Each structure stands twice: as structure tokens, then as C-alpha cells.
Amino acid sequence: MCGIVGYVGPRSAVDLLIPGLARLEYRGYDSAGVAFQDGDGIAVVKQAGRIADLERSLGKVEVRASNTGIGHTRWATHGVPNTINAHPHRDCTGTVIVVHNGIIENWLALKSELEGRGHEFASDTDTEVVAHLIEEMADLPLAEAVREVMRQAEGALALGVMRSTDPLLLVGGRRGSPLVVGIGDGENFLGSDIPAFLEHTRKMAVIEDDRVVAITPDSVEITDLAGNVVETTERFIEWDLEAAEKGGYATFMEKEIYEQPKAISDTLRGRINQSGMVSLEELGHLDERLREIDKVFVVACGTSFHAAMMAKYAIERWTRLPVEIDIASEFRYRDPVLDRRSLVIGISQSGETLDTLAAVRYARAQRSLLLAVSNVVDSALAREADAVLYTRAGPEIGVAATKTFTTQLVALQLIGLHLARVRGSIDEGSIMNLIKGVRQLPELVQQTLDRAGEIDAIAAKFADTRDVFFLGRSGDFPVAMEGALKLKEIAYTRAEGYAAGEMKHGPIALIDENVLVVGVATDSRVRAKTLSNLQEMKARGAMIVVLAEEGTEAEMAGVADHILTVPASPDLIGTVTAVVPLQLLAYQIATVKGLDVDKPRNLAKTVTVE
Ligand code: AGP
């Protein structure tokens, strides 16, 4: 996820681009840059860090008033977040300038062809191929050159392009990543999102997938990839700036919950090959070592630890390797037995959690193989590891992890299946069947979100309940743990996640008619046993909400006061879908209580103390 802003009109482009970028900083903030017409050429100023750092760099250069410009704020996916990899990117001659949001899946193939034809690349990004491809089409109108790039490039792209030979022209292209046009009076804007230009105009047009838009101060022309002009529907924006930054959602957390289908698609992008087999380029160079591994350790904190719990079930089931999981802050103190045949997976969305870093550094000292799962490119955890699988969820502003959790689950499922393939522990057909299930997740999560309304009444009824237990077995256990953590952290409700079968060994003493039990019973292998445990809670007076797979409602009816359902998925894969109603339940309860869900008390998004 990155932010694009573009301007063409009579005013000074840079003066409009910088505030526009600041409004899009929620989309990414590891580096930023602008490009603007400067005499016969185009000047580019870019900088690692936040928009404020870019402004400082701009202060050091002479910026001549310019009427055309594009800017970008980056959330790295390819190439570390440094100044060279910051956008905009140029071709060999500095004539073509490109900003991009998305992932070009076939960039390596395109890059090697371009290098074969003599192009020299300055950055490690996928984006730069676009500039060099357009360089080869100097005799074509810019819009046609962008259409040709869109025909060649696979994956998700929102592009903003300018060419020094076309002053007062900006061209955008869209497939998969958002792009909108702000329509002004004698001036026009390009943006990844409305806040980029909302201060200047309330008229806009949404660019649909596989469309290219050419804007000048007085015109907006949208075409399909064949070059046919497509009619533009102008819309009027009613939102204020704050609502626009949250995409019309009440909070960032709500927005991030609803972004999960897209975030999961991005996590999967380019990691499943044409034949439907898992293919992790990031791990390829380690395959030999992965075959020699005899034990796996997974370390993480908080929500990321719940992803580790799912990983244990998945990796043990699919690879038959023993897996130990540890809360990272405890790992070093139990003197775990590690050596070079151990694989240690560190999970941290921020990649900066000190406890997790300390745990993987301990493992590094034992010469173990280190794999990181992180959402932040080039984070401390990523730098520590032998290989990284980025979750590509985009920035998460809400303190409570939502889309970073579901994308961690997906990334870990891919790692488990990659290990199974490399080690030959299950046959390829079975792996491909599981992959089929993983591929359906964006759609199934969307279906689950579409039914969010069913949760409102339950949230209203139980908002004042003081004690809640979330119970599950097997793959449902980490989901229960995460459901409880979400409720604790944003609704300040005392909630416990527990293994359903363990309640009878003590905690059942706490159960009475004032307690709510949320039973997670989506895992078909253990459903009957979970139901028996829920009956035990009901017999002691607890109120019961059951989260179950569609089609099993009749089984639940005898025990449940309320039933929530999710679409069926293969075992363990369904953890991703199952957690969504619990995120929504915590969210709704916190909202009913009038709490600030984006900034819960006492919490920090990144915990860099031990
Ligand atoms: C999640 O909602 C929490 N705020 C917290 O538990 C978090 O998951 C934990 O601090 C670990 O963070 P990390 O993934 O950035 O390492």
C-alpha cells in the first residue's frame, strides 16, 4: 500500500503535492518523493523517512514554480525503504518519471529483458521497469505507452506517469490498486484516495480496473486498454477530511477489518504458481537447509503469538516436524535446545518488538536458521533473518492488530505448505487442495464481513457483561485466544481465551449465569468435543454464543443462545475466516461502550521495551 498524488494546473505543483502526501501518509510512510517539471526536464527529490523529512530535503534544493508534478509516499514491498528505492523512479534518460502502488508480479522477467536490451537500473524496486518500458516507447503518445505497460505487467498497479516531453500532462493507470481523479476548475488531480485533493475540489471520478486516464489542466480522458474512450461519471464528495482519511469508516480499526480481503489477496500475490502450487521465491535459496531441519521453533508476542499457535498445528500436521512455540519474552529464559538443524520463525507485524528480536538473536547465536514473518519491509526482525516473508497488509494504524493478524496466518500457511512441498511430507495433490482453500480466503472473508450486521444485536446485549470466556480446540484455540485479546484490549472487558477441554480442570469454577462463553466450533475434527464442553458451561448457567461453520447450525441449536456462522474451509485454513466475527464482536462492544478503539488506553502499537 502506497499513496500517489498528482497535479496539473496553474498553481505550483510542489506546494500542493506535499500536503496531499501528508494526507495519504496513513497509506505508507517509509519514504517519499516528488517529481515536477523543471524547465525542459523533470526534477526529482526523494527521501527515506516521513513527509517531514522530504520537506526538509526540498528546503535544500531550488524548487522553481512548476505546474505539473507527481508525488508518492511509500510502504515498501520490493526493495528496502531507502532513498534510492523511494519513488518517483526514472528511465535511463530521466525523461520518464513513474510512481506506483501495487506489486508487478512479472517484474523480474521484464527487468531481465530490459537489461538485455541495455537498460541500467538504479533501484531494487519492481516499479522501475515501468519507466524503462515507457522509455522504449518515446514515439507513442504517453497514454498509449502506459496502456502498453498495463498490457505487459501482471499484478496490481496504480500508476502515475509524467514525461518531460509532455509538459502539462499526467497519465494514470489502474488495475487492482485504487486511483481517483479530482476534477478542478482549470486544474486536475490524481490520487490514491480522496484526501489527496479534498481541500481543492469535491468533484471526482473513480478510475476502474484496466483503465488509463490522461489529465491536463482542462481535460480528463479515460480509456480502456484498447484505447477506446470510456465515459467518466463525476461524483460529488460529501465526506469531510477526517472521514475521507478513514475511507468513510468510523475508525481506522474498522477500515482495517474491512481491508482484509484485499490484504490477504496481496499476501498471496505471486506466491502461488500457474499450476496452483505454493511457490515462495523468498525461501527458494534455503530449500537445501529446509530439508535438513529436524525441529521448528516459533516465537512471537501478543496477537502474533496467536498466529504462532496456528502455525504449530499447521506445520506439525503438514510436515510431521516437531514444533515448539514460545511467547518471545520467555524464550531465552528456558534455555531452549537449538542448533543448526533448528528452524526458528519470528513473527512480528512491526518487526521491532524487542522481546521477539531478543529471542531470534538468541537463536542466531545457536546458529539456527532464521525466518521472519513481518509486515514492515527492512524492519529489525527482517534484517536479522536468513529469509523474510512479508505480509503486505499495508500500514495498520489501529493499535489492535486485525489485517496484520489474518495476513500472518496466511503467510504461515504458505510457509507450512512450502516446507511440506520441499520435504515431500505430503503429496502434491493434497498440497494443491489446501492451496485451493487458501486462495478462496479473500472471498470467504468478504462473505463473512458482508454479514457483520448479525453481530450488532449480540454486541448490544453483552456490552456490559463483565466476564467472557472464549473456548476452542485445535485450530479454534488460537482463534479463541485472539478473540479474547481483542475484547480485552479495545473493550476493556475481562476475557480469557482457553482450550475448551481444559475448563473442567479449574476455570469452570468461575462459570455462572453472569458469564458469557463464546465457543469457537468451526474445526470439524473436534466440533463434537467442543460442543460437549460448551454443554458443560451451559449446565452451569453461562450464556453461550457459538461460532460455527455454515451448515452445522442444527448441531449447535441445543447449546447456543446465539449462533454466528462462517463459510466452510479446510481444517486450519479456516482460522483466517473464523477470527473475523470475533474482531467485529470486540469492535462492536467497544463501540457500544463509546471507547476509542484506535487508541486503547495503556497500549502502544510497537513495543520496543523488554
Ligand atoms: C495486538 O492487537 C496487540 N496490540 C499486540 O498484542 C501485538 O500483537 C504485540 O505487541 C506484538 O506486536 P508485533 O506483531 O509488532 O511484534
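The shown structure was predicted, so the numbers you read here are calculated from the model rather than taken from an experiment. Values below: all heavy atoms of this structure, side chains included; hydrogens, waters and symmetry mates excluded. Atoms within a ligand are numbered from 1 in the order they appear, just like the ligands themselves.
For the pairing with Val373, the side-chain contact (heavy atoms from CB on, under 4.5 Å) check across Val388, Thr404, Leu381, Thr391 returns one residue only, Thr391.
Near Ala400, meaning under 4.0 Å from any of its heavy atoms, are these atoms of ligand 1: 2 (O). Of all the atoms in ligand 1, the ones that sit under 4.0 Å from a non-hydrogen atom of Thr353 are 12 (O), 13 (P), 15 (O), 16 (O). Proximity to Ala401 (heavy-atom distance under 4.0 Å) selects the following atoms of ligand 1: 1 (C), 2 (O). The distance from ligand 1 to the heavy atoms of Ser304 drops below 4.0 Å at these ligand atoms: 8 (O), 13 (P), 14 (O). For ligand 1, the atoms lying closer than 4.0 Å to a non-hydrogen atom of Thr303 are 1 (C), 2 (O), 6 (O), 8 (O).
When the side-chain contact (heavy atoms from CB on, under 4.5 Å) test is applied to Ala452, the partners found at least two apart in sequence or on another chain are Tyr258, Leu584. Partners of Arg320 by side-chain contact (heavy atoms from CB on, under 4.5 Å), not counting sequence neighbours: none found.
For ligand 1, the polar-atom distance check against Gln408 finds no nitrogen or oxygen pair separated by under 3.5 Å.
Neither the backbone nor the side chain of Glu352 comes within 4.0 Å of ligand 1, counting heavy atoms alone.
With respect to Asp53 and Arg50, no salt bridge is recorded, no charged nitrogen being found less than 4.0 Å from a carboxylate O. No salt bridge links Arg289 with Asp386; every basic N to acidic carboxylate O contact stays at or beyond 4.0 Å.
Atom CD of Glu259 and atom CG of Asp266 lie 10.0 Å apart (nearest 0.5 Å).
Nearest to atom 11 (C) of ligand 1 by heavy atom, out of Gly351, Gly302, Cys301, Pro600, is Cys301. Distances from atom 15 (O) of ligand 1 to the heavy atoms of Gly398, Ala586, Ser350 show the closest one on Ser350.
In terms of protein heavy atoms, atom 3 (C) of ligand 1 is closest to Glu489 OE1, 3.4 Å.
Residues Ser350 and Ser374 approach most closely at C-OG, 4.2 Å, considering heavy atoms.
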